[in-house]
Amino acid sequence: MEKGKTKAMNYEPVMGLEVHVELNTKSKMFCKCSADYFGKEPNTHTCPVCLGLPGALPYINKEAIEDCIKIGLALNCSISEVSRFERKNYFYPDLPKGYQISQYRWPLCVGGRLQVTDNSGQEVTIRINRAHQEEDTGKLTHRGNETLIDFNRSGVPLVEIVTEPDFKDVESVRDYAKKLQQIFRYLGVSNADMERGDMRLEANVSVRPVGQTELPNYRVELKNINSFRFMVAAIEYEIKRQIAALEKGGKISQETRGWNDDKKCTFLQRSKEEAHDYRYFPEPDLPELQIKPDEVGKIRESLSELPWDKQKRFVREYKLTEAQAKILSESKELANYFEQAVKHGKEHGVEAVQIANHIINKKINIEEILPTQIIEEIKGKKVGIVADEGELEKLAEQSISENPKAVADYKSGKEAALQVLIGGVMKLSKGKADSAKLKPILEKLLKG
Ligand code: ADP
Ligand code: MG
Ligand code: ZN
(Lines give C-alpha, C1' and ligand atoms only; values in the text may rest on other atoms or scores of the structure.)
(Ligands and ions follow the chains in the order given, each with its own letter.)
Protein backbone atom coordinates (compact mmCIF):
# COMPACT_ATOMS: atom_id res chain seq x y z
CA MET A 1 0.00 0.00 0.00
CA GLU A 2 1.36 3.42 -0.95
CA LYS A 3 2.02 5.89 1.80
CA GLY A 4 -0.47 8.74 2.04
CA LYS A 5 -3.23 6.72 0.44
CA THR A 6 -4.10 4.74 3.53
CA LYS A 7 -6.23 7.46 5.10
CA ALA A 8 -9.05 7.25 2.58
CA MET A 9 -9.38 3.48 2.89
CA ASN A 10 -12.56 2.12 4.48
CA TYR A 11 -12.68 -1.36 5.92
CA GLU A 12 -15.53 -3.78 6.48
CA PRO A 13 -15.60 -6.83 8.70
CA VAL A 14 -16.10 -10.34 7.32
CA MET A 15 -17.27 -12.91 9.84
CA GLY A 16 -18.33 -16.53 10.14
CA LEU A 17 -19.73 -18.31 13.17
CA GLU A 18 -19.20 -21.76 14.63
CA VAL A 19 -21.75 -22.73 17.27
CA HIS A 20 -21.63 -25.83 19.44
CA VAL A 21 -24.78 -27.01 21.16
CA GLU A 22 -25.03 -29.82 23.68
CA LEU A 23 -28.11 -31.98 23.16
CA ASN A 24 -30.36 -32.89 26.09
CA THR A 25 -30.69 -36.56 25.11
CA LYS A 26 -31.16 -39.26 27.75
CA SER A 27 -27.85 -40.99 27.08
CA LYS A 28 -24.47 -40.03 25.68
CA MET A 29 -23.53 -40.10 21.99
CA PHE A 30 -21.77 -43.45 21.81
CA CYS A 31 -22.62 -45.27 25.08
CA LYS A 32 -25.48 -45.83 27.52
CA CYS A 33 -24.22 -43.43 30.22
CA SER A 34 -26.68 -40.74 31.28
CA ALA A 35 -26.05 -37.43 29.52
CA ASP A 36 -27.67 -35.55 32.39
CA TYR A 37 -24.39 -34.74 34.06
CA PHE A 38 -24.67 -31.10 35.10
CA GLY A 39 -23.90 -30.60 38.78
CA LYS A 40 -23.45 -34.33 39.38
CA GLU A 41 -20.64 -35.93 41.40
CA PRO A 42 -17.55 -36.00 39.11
CA ASN A 43 -16.79 -39.22 37.22
CA THR A 44 -20.04 -40.96 38.14
CA HIS A 45 -21.48 -40.93 34.58
CA THR A 46 -18.75 -42.96 32.89
CA CYS A 47 -18.09 -46.33 31.28
CA PRO A 48 -15.27 -47.93 29.22
CA VAL A 49 -16.57 -46.22 26.03
CA CYS A 50 -16.62 -42.62 27.27
CA LEU A 51 -13.44 -43.16 29.30
CA GLY A 52 -11.72 -44.27 26.11
CA LEU A 53 -10.57 -47.60 27.50
CA PRO A 54 -8.90 -49.90 24.95
CA GLY A 55 -11.23 -52.31 23.22
CA ALA A 56 -14.47 -50.52 24.13
CA LEU A 57 -16.77 -50.13 21.13
CA PRO A 58 -19.01 -47.12 20.49
CA TYR A 59 -22.55 -47.30 19.12
CA ILE A 60 -24.70 -44.49 17.72
CA ASN A 61 -27.40 -42.71 19.78
CA LYS A 62 -30.48 -42.50 17.56
CA GLU A 63 -32.13 -39.76 19.59
CA ALA A 64 -29.10 -37.51 19.07
CA ILE A 65 -29.14 -38.12 15.33
CA GLU A 66 -32.83 -37.19 15.21
CA ASP A 67 -32.12 -33.99 17.13
CA CYS A 68 -29.29 -33.11 14.76
CA ILE A 69 -31.64 -33.67 11.81
CA LYS A 70 -34.27 -31.44 13.48
CA ILE A 71 -31.70 -28.67 13.76
CA GLY A 72 -30.68 -29.20 10.14
CA LEU A 73 -34.30 -29.03 8.95
CA ALA A 74 -35.01 -25.87 10.95
CA LEU A 75 -31.99 -24.30 9.24
CA ASN A 76 -33.10 -25.40 5.77
CA CYS A 77 -30.21 -27.83 5.33
CA SER A 78 -30.25 -30.92 3.13
CA ILE A 79 -30.02 -34.10 5.16
CA SER A 80 -27.36 -36.44 3.79
CA GLU A 81 -28.57 -39.94 2.99
CA VAL A 82 -25.09 -41.15 3.83
CA SER A 83 -22.79 -39.44 6.31
CA ARG A 84 -19.74 -40.67 8.18
CA PHE A 85 -18.04 -40.27 11.52
CA GLU A 86 -14.35 -39.47 11.55
CA ARG A 87 -11.64 -39.28 14.17
CA LYS A 88 -10.29 -35.84 14.92
CA ASN A 89 -6.96 -36.56 16.49
CA TYR A 90 -5.31 -34.42 19.11
CA PHE A 91 -3.67 -34.96 22.45
CA TYR A 92 -5.16 -33.21 25.43
CA PRO A 93 -6.15 -34.53 28.87
CA ASP A 94 -9.87 -33.78 28.40
CA LEU A 95 -9.95 -36.32 25.59
CA PRO A 96 -9.24 -39.79 26.93
CA LYS A 97 -9.22 -41.58 23.57
CA GLY A 98 -6.73 -39.19 22.01
CA TYR A 99 -9.32 -38.27 19.40
CA GLN A 100 -12.82 -36.88 19.25
CA ILE A 101 -15.43 -38.63 17.13
CA SER A 102 -16.77 -35.95 14.81
CA GLN A 103 -17.87 -35.52 11.22
CA TYR A 104 -15.68 -33.76 8.71
CA ARG A 105 -15.91 -34.67 5.05
CA TRP A 106 -19.41 -36.20 5.17
CA PRO A 107 -21.54 -34.20 7.61
CA LEU A 108 -25.16 -35.12 8.36
CA CYS A 109 -26.70 -31.73 7.46
CA VAL A 110 -25.34 -29.47 4.70
CA GLY A 111 -26.07 -26.22 2.91
CA GLY A 112 -28.77 -24.35 4.88
CA ARG A 113 -29.68 -20.74 5.51
CA LEU A 114 -31.12 -18.46 8.18
CA GLN A 115 -32.56 -14.94 7.93
CA VAL A 116 -31.20 -12.42 10.42
CA THR A 117 -31.59 -8.69 11.02
CA ASP A 118 -28.52 -6.51 10.48
CA ASN A 119 -27.33 -3.18 11.96
CA SER A 120 -29.71 -1.15 9.80
CA GLY A 121 -32.73 -3.35 10.48
CA GLN A 122 -32.53 -5.10 7.09
CA GLU A 123 -33.12 -8.82 6.70
CA VAL A 124 -30.05 -10.65 5.41
CA THR A 125 -29.52 -14.31 4.60
CA ILE A 126 -26.73 -16.20 6.31
CA ARG A 127 -25.70 -19.39 4.54
CA ILE A 128 -25.15 -22.42 6.74
CA ASN A 129 -22.25 -24.56 5.61
CA ARG A 130 -23.11 -27.58 7.76
CA ALA A 131 -24.58 -28.93 10.99
CA HIS A 132 -22.73 -32.05 12.04
CA GLN A 133 -22.83 -34.52 14.90
CA GLU A 134 -19.96 -34.97 17.34
CA GLU A 135 -19.25 -35.61 21.03
CA ASP A 136 -18.22 -33.41 23.92
CA THR A 137 -14.94 -33.72 25.84
CA GLY A 138 -14.29 -34.09 29.56
CA LYS A 139 -14.14 -31.03 31.77
CA LEU A 140 -10.89 -29.72 33.23
CA THR A 141 -10.79 -27.67 36.41
CA HIS A 142 -7.52 -25.90 37.18
CA ARG A 143 -6.71 -25.36 40.85
CA GLY A 144 -3.35 -23.77 41.43
CA ASN A 145 -0.84 -26.29 40.12
CA GLU A 146 -3.37 -29.09 39.96
CA THR A 147 -5.83 -29.97 37.25
CA LEU A 148 -8.92 -32.05 38.00
CA ILE A 149 -10.62 -34.03 35.25
CA ASP A 150 -14.31 -34.89 35.21
CA PHE A 151 -15.36 -37.30 32.47
CA ASN A 152 -19.11 -36.98 33.07
CA ARG A 153 -19.30 -34.64 30.07
CA SER A 154 -17.09 -36.86 27.91
CA GLY A 155 -19.17 -38.26 25.07
CA VAL A 156 -22.24 -36.05 25.58
CA PRO A 157 -23.83 -35.40 22.14
CA LEU A 158 -22.81 -32.14 20.54
CA VAL A 159 -23.93 -30.56 17.27
CA GLU A 160 -21.68 -28.05 15.54
CA ILE A 161 -23.25 -25.52 13.19
CA VAL A 162 -20.92 -23.64 10.86
CA THR A 163 -21.87 -20.63 8.73
CA GLU A 164 -20.27 -19.30 5.57
CA PRO A 165 -18.37 -16.01 6.17
CA ASP A 166 -21.54 -13.99 5.45
CA PHE A 167 -21.74 -11.64 8.44
CA LYS A 168 -20.87 -8.01 7.76
CA ASP A 169 -21.77 -6.44 11.08
CA VAL A 170 -21.95 -7.37 14.73
CA GLU A 171 -25.72 -6.97 15.05
CA SER A 172 -26.32 -9.75 12.51
CA VAL A 173 -23.98 -12.01 14.48
CA ARG A 174 -25.85 -11.27 17.69
CA ASP A 175 -29.22 -11.85 16.04
CA TYR A 176 -27.99 -15.11 14.50
CA ALA A 177 -26.77 -16.44 17.84
CA LYS A 178 -30.02 -15.43 19.56
CA LYS A 179 -32.11 -17.02 16.82
CA LEU A 180 -30.16 -20.27 17.07
CA GLN A 181 -30.77 -20.34 20.81
CA GLN A 182 -34.47 -19.75 20.21
CA ILE A 183 -34.56 -22.57 17.62
CA PHE A 184 -32.82 -25.06 19.94
CA ARG A 185 -35.34 -24.28 22.68
CA TYR A 186 -38.33 -24.42 20.35
CA LEU A 187 -37.19 -27.79 19.01
CA GLY A 188 -36.62 -28.93 22.58
CA VAL A 189 -33.20 -30.35 21.69
CA SER A 190 -31.20 -28.31 24.20
CA ASN A 191 -31.61 -25.82 27.03
CA ALA A 192 -29.02 -23.79 25.14
CA ASP A 193 -27.89 -22.07 28.31
CA MET A 194 -24.73 -20.06 27.58
CA GLU A 195 -23.54 -19.83 31.17
CA ARG A 196 -23.76 -23.56 31.71
CA GLY A 197 -21.93 -24.12 28.45
CA ASP A 198 -24.85 -25.84 26.69
CA MET A 199 -24.26 -23.43 23.84
CA ARG A 200 -20.80 -22.13 22.85
CA LEU A 201 -19.94 -19.52 20.27
CA GLU A 202 -16.81 -19.10 18.19
CA ALA A 203 -16.63 -16.07 15.95
CA ASN A 204 -14.16 -15.84 13.06
CA VAL A 205 -13.31 -12.24 12.32
CA SER A 206 -11.35 -10.57 9.53
CA VAL A 207 -11.56 -7.18 7.81
CA ARG A 208 -11.07 -6.09 4.19
CA PRO A 209 -11.16 -2.85 2.21
CA VAL A 210 -14.71 -1.98 1.13
CA GLY A 211 -15.10 -3.06 -2.49
CA GLN A 212 -12.81 -6.05 -2.24
CA THR A 213 -14.73 -9.25 -3.04
CA GLU A 214 -12.14 -11.88 -2.13
CA LEU A 215 -12.01 -13.08 1.45
CA PRO A 216 -9.11 -11.84 3.55
CA ASN A 217 -6.30 -14.40 3.65
CA TYR A 218 -6.46 -14.74 7.41
CA ARG A 219 -9.08 -15.06 10.12
CA VAL A 220 -8.94 -14.53 13.85
CA GLU A 221 -10.95 -17.03 15.83
CA LEU A 222 -12.54 -15.71 19.03
CA LYS A 223 -13.01 -18.59 21.47
CA ASN A 224 -14.17 -19.43 24.99
CA ILE A 225 -16.76 -16.69 25.16
CA ASN A 226 -19.71 -17.61 27.35
CA SER A 227 -22.22 -14.81 26.86
CA PHE A 228 -23.79 -12.91 23.97
CA ARG A 229 -22.65 -9.66 25.54
CA PHE A 230 -19.00 -10.73 25.74
CA MET A 231 -19.13 -11.99 22.18
CA VAL A 232 -20.40 -8.66 20.89
CA ALA A 233 -17.76 -6.80 22.90
CA ALA A 234 -14.99 -9.13 21.69
CA ILE A 235 -16.02 -8.77 18.04
CA GLU A 236 -16.26 -4.97 18.26
CA TYR A 237 -12.85 -4.79 19.87
CA GLU A 238 -11.36 -7.17 17.33
CA ILE A 239 -12.69 -5.25 14.32
CA LYS A 240 -11.11 -2.05 15.67
CA ARG A 241 -7.83 -3.78 16.48
CA GLN A 242 -7.56 -5.27 13.02
CA ILE A 243 -8.45 -2.05 11.18
CA ALA A 244 -5.94 -0.09 13.27
CA ALA A 245 -3.22 -2.63 12.45
CA LEU A 246 -3.97 -2.53 8.72
CA GLU A 247 -4.08 1.26 8.70
CA LYS A 248 -0.60 1.28 10.14
CA GLY A 249 0.44 -0.91 7.24
CA GLY A 250 0.74 -3.98 9.43
CA LYS A 251 -0.32 -7.56 8.77
CA ILE A 252 -2.67 -9.57 10.94
CA SER A 253 -1.79 -13.13 11.71
CA GLN A 254 -4.14 -16.08 11.80
CA GLU A 255 -4.66 -16.90 15.44
CA THR A 256 -7.08 -17.80 18.21
CA ARG A 257 -7.92 -15.13 20.76
CA GLY A 258 -9.94 -15.00 23.98
CA TRP A 259 -11.82 -12.17 25.70
CA ASN A 260 -10.62 -10.49 28.88
CA ASP A 261 -13.66 -8.76 30.32
CA ASP A 262 -11.71 -6.97 33.07
CA LYS A 263 -9.41 -5.29 30.60
CA LYS A 264 -12.07 -5.19 27.84
CA CYS A 265 -9.74 -6.56 25.20
CA THR A 266 -9.01 -9.74 23.27
CA PHE A 267 -5.77 -11.60 23.94
CA LEU A 268 -3.70 -14.16 22.06
CA GLN A 269 -4.41 -17.79 22.93
CA ARG A 270 -2.85 -19.74 20.10
CA SER A 271 -0.97 -18.71 16.98
CA LYS A 272 -1.13 -20.39 13.59
CA GLU A 273 2.17 -22.15 14.21
CA GLU A 274 0.64 -23.95 17.16
CA ALA A 275 -2.47 -24.95 15.20
CA HIS A 276 -3.37 -28.62 15.28
CA ASP A 277 -3.15 -30.97 12.37
CA TYR A 278 -6.08 -33.19 13.24
CA ARG A 279 -5.33 -36.00 10.77
CA TYR A 280 -8.99 -36.81 10.24
CA PHE A 281 -9.76 -40.33 9.11
CA PRO A 282 -12.99 -42.39 9.05
CA GLU A 283 -13.94 -43.95 12.39
CA PRO A 284 -13.38 -47.67 11.84
CA ASP A 285 -15.55 -48.71 14.80
CA LEU A 286 -18.76 -47.15 13.47
CA PRO A 287 -20.78 -47.92 10.34
CA GLU A 288 -21.61 -45.16 7.91
CA LEU A 289 -24.78 -43.36 8.92
CA GLN A 290 -27.68 -43.99 6.55
CA ILE A 291 -30.81 -41.85 6.73
CA LYS A 292 -33.72 -42.74 4.46
CA PRO A 293 -35.77 -39.88 3.01
CA ASP A 294 -38.94 -41.19 4.67
CA GLU A 295 -37.24 -41.02 8.06
CA VAL A 296 -36.43 -37.38 7.37
CA GLY A 297 -40.06 -36.89 6.30
CA LYS A 298 -41.30 -38.26 9.61
CA ILE A 299 -38.99 -36.02 11.60
CA ARG A 300 -40.06 -33.03 9.52
CA GLU A 301 -43.71 -33.77 10.32
CA SER A 302 -42.91 -34.07 14.02
CA LEU A 303 -41.22 -30.67 14.15
CA SER A 304 -42.97 -28.17 16.37
CA GLU A 305 -43.99 -24.89 14.78
CA LEU A 306 -40.92 -22.66 14.44
CA PRO A 307 -40.79 -19.14 15.88
CA TRP A 308 -41.10 -17.28 12.55
CA ASP A 309 -44.07 -19.46 11.49
CA LYS A 310 -45.77 -18.87 14.80
CA GLN A 311 -45.19 -15.14 14.46
CA LYS A 312 -46.85 -15.08 11.02
CA ARG A 313 -49.76 -17.16 12.27
CA PHE A 314 -50.35 -14.84 15.23
CA VAL A 315 -50.61 -11.89 12.85
CA ARG A 316 -52.96 -13.78 10.52
CA GLU A 317 -55.11 -15.55 13.08
CA TYR A 318 -55.32 -13.03 15.91
CA LYS A 319 -54.76 -9.79 13.98
CA LEU A 320 -51.76 -8.88 16.13
CA THR A 321 -49.17 -6.39 14.92
CA GLU A 322 -45.80 -7.78 13.75
CA ALA A 323 -44.21 -6.37 16.89
CA GLN A 324 -46.77 -7.98 19.21
CA ALA A 325 -46.48 -11.31 17.41
CA LYS A 326 -42.71 -11.19 17.66
CA ILE A 327 -42.74 -10.59 21.40
CA LEU A 328 -45.35 -13.27 22.08
CA SER A 329 -43.55 -15.90 20.00
CA GLU A 330 -40.19 -15.25 21.62
CA SER A 331 -40.48 -18.47 23.61
CA LYS A 332 -42.74 -21.46 23.12
CA GLU A 333 -43.90 -21.15 26.72
CA LEU A 334 -45.05 -17.55 26.31
CA ALA A 335 -46.72 -18.36 22.97
CA ASN A 336 -48.62 -21.28 24.52
CA TYR A 337 -49.62 -19.12 27.46
CA PHE A 338 -50.99 -16.47 25.13
CA GLU A 339 -52.98 -19.02 23.14
CA GLN A 340 -54.43 -20.57 26.30
CA ALA A 341 -55.54 -17.14 27.41
CA VAL A 342 -57.07 -16.49 23.98
CA LYS A 343 -59.05 -19.73 24.22
CA HIS A 344 -60.31 -18.79 27.64
CA GLY A 345 -60.95 -15.21 26.54
CA LYS A 346 -63.26 -16.38 23.75
CA GLU A 347 -65.65 -17.81 26.31
CA HIS A 348 -65.75 -14.45 28.08
CA GLY A 349 -65.87 -12.08 25.14
CA VAL A 350 -62.27 -10.87 25.51
CA GLU A 351 -60.42 -10.30 22.22
CA ALA A 352 -56.98 -11.72 21.40
CA VAL A 353 -55.59 -8.22 20.79
CA GLN A 354 -56.70 -7.09 24.26
CA ILE A 355 -54.97 -10.12 25.75
CA ALA A 356 -51.79 -9.46 23.77
CA ASN A 357 -51.77 -5.85 24.94
CA HIS A 358 -52.37 -6.87 28.53
CA ILE A 359 -49.56 -9.46 28.56
CA ILE A 360 -47.09 -7.11 26.89
CA ASN A 361 -47.94 -3.81 28.62
CA LYS A 362 -48.32 -5.30 32.08
CA LYS A 363 -45.16 -7.41 31.54
CA ILE A 364 -47.09 -10.42 32.83
CA ASN A 365 -44.91 -13.03 34.53
CA ILE A 366 -46.28 -16.28 33.13
CA GLU A 367 -44.90 -18.25 36.04
CA GLU A 368 -46.95 -16.27 38.54
CA ILE A 369 -50.33 -15.67 36.91
CA LEU A 370 -52.55 -18.26 35.24
CA PRO A 371 -53.88 -17.51 31.75
CA THR A 372 -57.43 -17.67 33.18
CA GLN A 373 -56.51 -15.06 35.77
CA ILE A 374 -55.44 -12.50 33.22
CA ILE A 375 -58.84 -12.76 31.55
CA GLU A 376 -60.37 -11.90 34.91
CA GLU A 377 -57.92 -9.01 35.25
CA ILE A 378 -58.92 -7.64 31.85
CA LYS A 379 -62.64 -8.07 32.52
CA GLY A 380 -62.32 -6.73 36.03
CA LYS A 381 -60.77 -3.58 34.67
CA LYS A 382 -63.70 -2.98 32.37
CA VAL A 383 -66.50 -3.94 34.78
CA GLY A 384 -65.01 -1.95 37.62
CA ILE A 385 -64.82 1.32 35.73
CA VAL A 386 -67.47 3.93 36.50
CA ALA A 387 -68.37 5.41 33.13
CA ASP A 388 -72.04 6.15 33.65
CA GLU A 389 -72.61 9.94 33.35
CA GLY A 390 -75.30 10.14 36.04
CA GLU A 391 -73.14 8.18 38.47
CA LEU A 392 -70.15 10.36 37.68
CA GLU A 393 -72.20 13.54 38.20
CA LYS A 394 -73.26 12.40 41.67
CA LEU A 395 -69.63 11.75 42.60
CA ALA A 396 -68.57 15.10 41.12
CA GLU A 397 -71.21 16.96 43.18
CA GLN A 398 -69.99 15.24 46.32
CA SER A 399 -66.40 16.21 45.55
CA ILE A 400 -67.46 19.83 44.96
CA SER A 401 -69.25 20.02 48.29
CA GLU A 402 -66.28 18.50 50.11
CA ASN A 403 -63.70 20.87 48.58
CA PRO A 404 -65.01 24.47 48.95
CA LYS A 405 -61.50 25.97 48.75
CA ALA A 406 -60.74 24.27 45.42
CA VAL A 407 -64.11 25.49 44.10
CA ALA A 408 -63.34 29.06 45.15
CA ASP A 409 -59.85 28.84 43.62
CA TYR A 410 -61.27 27.53 40.36
CA LYS A 411 -63.89 30.28 40.22
CA SER A 412 -61.21 32.94 40.80
CA GLY A 413 -59.41 31.68 37.67
CA LYS A 414 -57.04 28.99 39.01
CA GLU A 415 -57.74 26.22 36.50
CA ALA A 416 -55.31 23.89 38.20
CA ALA A 417 -57.70 23.62 41.14
CA LEU A 418 -59.82 21.34 38.97
CA GLN A 419 -57.23 18.63 39.60
CA VAL A 420 -58.12 18.66 43.29
CA LEU A 421 -61.77 18.05 42.43
CA ILE A 422 -60.86 15.25 39.99
CA GLY A 423 -58.70 13.75 42.71
CA GLY A 424 -61.69 13.93 45.06
CA VAL A 425 -63.85 11.92 42.66
CA MET A 426 -61.12 9.34 42.16
CA LYS A 427 -60.89 8.90 45.91
CA LEU A 428 -64.66 8.56 46.29
CA SER A 429 -64.78 5.96 43.49
CA LYS A 430 -61.70 4.10 44.79
CA GLY A 431 -59.89 4.90 41.56
CA LYS A 432 -62.58 3.47 39.34
CA ALA A 433 -64.03 6.65 37.82
CA ASP A 434 -63.44 7.12 34.08
CA SER A 435 -61.13 10.12 34.41
CA ALA A 436 -61.43 11.11 30.74
CA LYS A 437 -65.13 11.91 31.21
CA LEU A 438 -64.70 13.75 34.51
CA LYS A 439 -63.24 17.06 33.37
CA PRO A 440 -66.21 18.18 31.21
CA ILE A 441 -68.69 17.05 33.89
CA LEU A 442 -66.96 19.07 36.61
CA GLU A 443 -66.64 22.10 34.35
CA LYS A 444 -70.34 21.97 33.55
CA LEU A 445 -71.31 21.71 37.25
CA LEU A 446 -69.01 24.55 38.30
CA LYS A 447 -70.39 26.85 35.63
CA GLY A 448 -73.94 26.14 36.60
P1 ADP B 1 -11.81 -24.79 9.34
O2 ADP B 1 -12.17 -25.95 8.47
O3 ADP B 1 -10.35 -24.61 9.50
O4 ADP B 1 -12.55 -24.75 10.63
P5 ADP B 1 -13.52 -23.17 7.76
O6 ADP B 1 -13.20 -22.78 6.37
O7 ADP B 1 -14.52 -24.26 7.96
O8 ADP B 1 -12.21 -23.49 8.53
O9 ADP B 1 -14.04 -21.89 8.49
C10 ADP B 1 -14.41 -21.87 9.81
C11 ADP B 1 -15.26 -20.64 10.02
O12 ADP B 1 -14.53 -19.47 9.66
C13 ADP B 1 -16.50 -20.62 9.18
O14 ADP B 1 -17.58 -20.15 9.97
C15 ADP B 1 -16.19 -19.64 8.07
O16 ADP B 1 -17.34 -18.98 7.64
C17 ADP B 1 -15.27 -18.68 8.75
N18 ADP B 1 -14.32 -18.01 7.84
C19 ADP B 1 -13.64 -18.54 6.83
N20 ADP B 1 -12.87 -17.60 6.24
C21 ADP B 1 -13.05 -16.45 6.91
C22 ADP B 1 -12.53 -15.13 6.83
N23 ADP B 1 -11.63 -14.77 5.94
N24 ADP B 1 -12.97 -14.22 7.73
C25 ADP B 1 -13.85 -14.54 8.67
N26 ADP B 1 -14.38 -15.76 8.81
C27 ADP B 1 -13.97 -16.71 7.96
MG1 MG C 1 -13.65 -25.19 12.54
ZN1 ZN D 1 -20.17 -44.00 28.91
Side-chain angles (χ1 to χ4, degrees), residues 24 70 73-74 115 117 178-179 181-193 297-396 422-423 425-441:
N24 56 9
K70 284 182 189 171
L73 290 174
Q115 294 278 112
T117 308
K178 286 258 177 195
K179 283 219 167 94
Q181 184 182 51
Q182 191 188 26
I183 290 169
F184 300 146
R185 290 178 176 170
Y186 255 79
L187 294 173
V189 298
S190 175
N191 305 329
D193 189 327
K298 272 193 206 128
I299 296 172
R300 194 190 292 276
E301 275 167 34
S302 79
L303 283 193
S304 57
E305 188 179 32
L306 288 161
W308 45 88
D309 294 328
K310 217 183 261 298
Q311 195 180 324
K312 277 192 214 129
R313 184 168 63 79
F314 280 6
V315 171
R316 206 175 52 233
E317 211 172 305
Y318 304 122
K319 309 281 177 282
L320 304 191
T321 64
E322 291 281 342
Q324 286 174 323
K326 187 166 185 206
I327 294 172
L328 293 176
S329 58
E330 204 125 285
S331 78
K332 217 159 122 178
E333 291 73 24
L334 180 58
N336 289 344
Y337 181 93
F338 165 68
E339 292 206 274
Q340 272 175 27
V342 168
K343 217 170 122 203
H344 192 72
K346 248 193 199 139
E347 298 159 16
H348 293 84
V350 179
E351 303 267 334
V353 174
Q354 279 178 285
I355 297 169
N357 280 329
H358 191 80
I359 295 178
I360 295 167
N361 298 341
K362 291 261 152 50
K363 297 195 172 68
I364 295 294
N365 182 345
I366 64 172
E367 316 250 300
E368 281 174 6
I369 305 171
L370 290 170
T372 47
Q373 279 175 298
I374 68 163
I375 299 304
E376 277 159 34
E377 279 184 15
I378 294 170
K379 283 187 61 186
K381 218 168 51 186
K382 283 206 306 194
V383 170
I385 279 202
V386 182
D388 179 75
E389 306 250 338
E391 185 88 345
L392 285 173
E393 253 187 59
K394 262 191 235 156
L395 291 167
I422 292 176
V425 176
M426 292 316 273
K427 217 164 148 191
L428 289 166
S429 69
K430 298 201 170 63
K432 284 190 175 157
D434 186 344
S435 56
K437 287 187 177 168
L438 264 180
K439 205 173 162 221
I441 289 176

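All values below were derived from every heavy atom in this structure, side-chain atoms included, with hydrogens, water molecules and symmetry-related copies excluded.
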Check whether any side-chain N or O of [X] sits under 3.5 Å from a backbone N or O of [Y] as a donor-acceptor pair, and report yes or no.
| X | Y | answer |
| --- | --- | --- |
| Gln311 | Ser329 | no |
| Lys363 | Ile360 | no |
| Gln182 | Glu330 | yes |

Can you tell if the side chain of [X] reaches within under 4.5 Å of the side chain of [Y], non-hydrogen atoms only?
| X | Y | result |
| --- | --- | --- |
| Trp308 | Ile183 | yes |
| Glu347 | Ile375 | no |
| Ile359 | Tyr337 | yes |
| Tyr186 | Glu305 | no |
| Ile378 | Asn357 | no |
| Thr321 | Val315 | no |

Taking all heavy atoms of [X] and all of [Y], pick out the closest pair and write down the distance.
| X | Y | value |
| --- | --- | --- |
| Leu320 | Ala356 | CD2-CB, 3.7 Å |
| Leu187 | Ala74 | CD1-CB, 4.1 Å |
| Ala335 | Lys310 | CB-CD, 3.4 Å |
| Gln181 | Ala192 | NE2-O, 2.8 Å |
| Ile366 | Leu334 | CG2-CD1, 3.7 Å |

Value rounded to 0.5 Å, distance of [atom1] in [X] from [atom2] in [Y]:
| X | Y | atom1 | atom2 | result |
| --- | --- | --- | --- | --- |
| Glu393 | Leu438 | CD | CG | 11.0 Å |
| Glu367 | Glu333 | CD | CD | 8.5 Å |
| Lys179 | Thr117 | NZ | OG1 | 4.0 Å |
| Ile355 | Gln324 | CD1 | CD | 11.5 Å |
| Ile374 | His344 | CD1 | NE2 | 9.5 Å |
| Leu306 | Lys70 | CG | NZ | 11.5 Å |

Practice prompt. Might you confirm whether atom CD of Glu351 has over 12 heavy atoms from other residues, nucleotides or ligands at distances under 6.0 Å?
Written response: no

Worksheet item: Hey, is NZ on Lys326 packed in by over 12 heavy atoms from elsewhere, all under 6.0 Å?
Response: no

Worksheet entry | Trace of the side chain to side chain contact (heavy atoms under 4.5 Å, CB included) decision for His358 with Val350 | CA-CA 11 Å; His358 191 80; Val350 179; over 6 Å; no

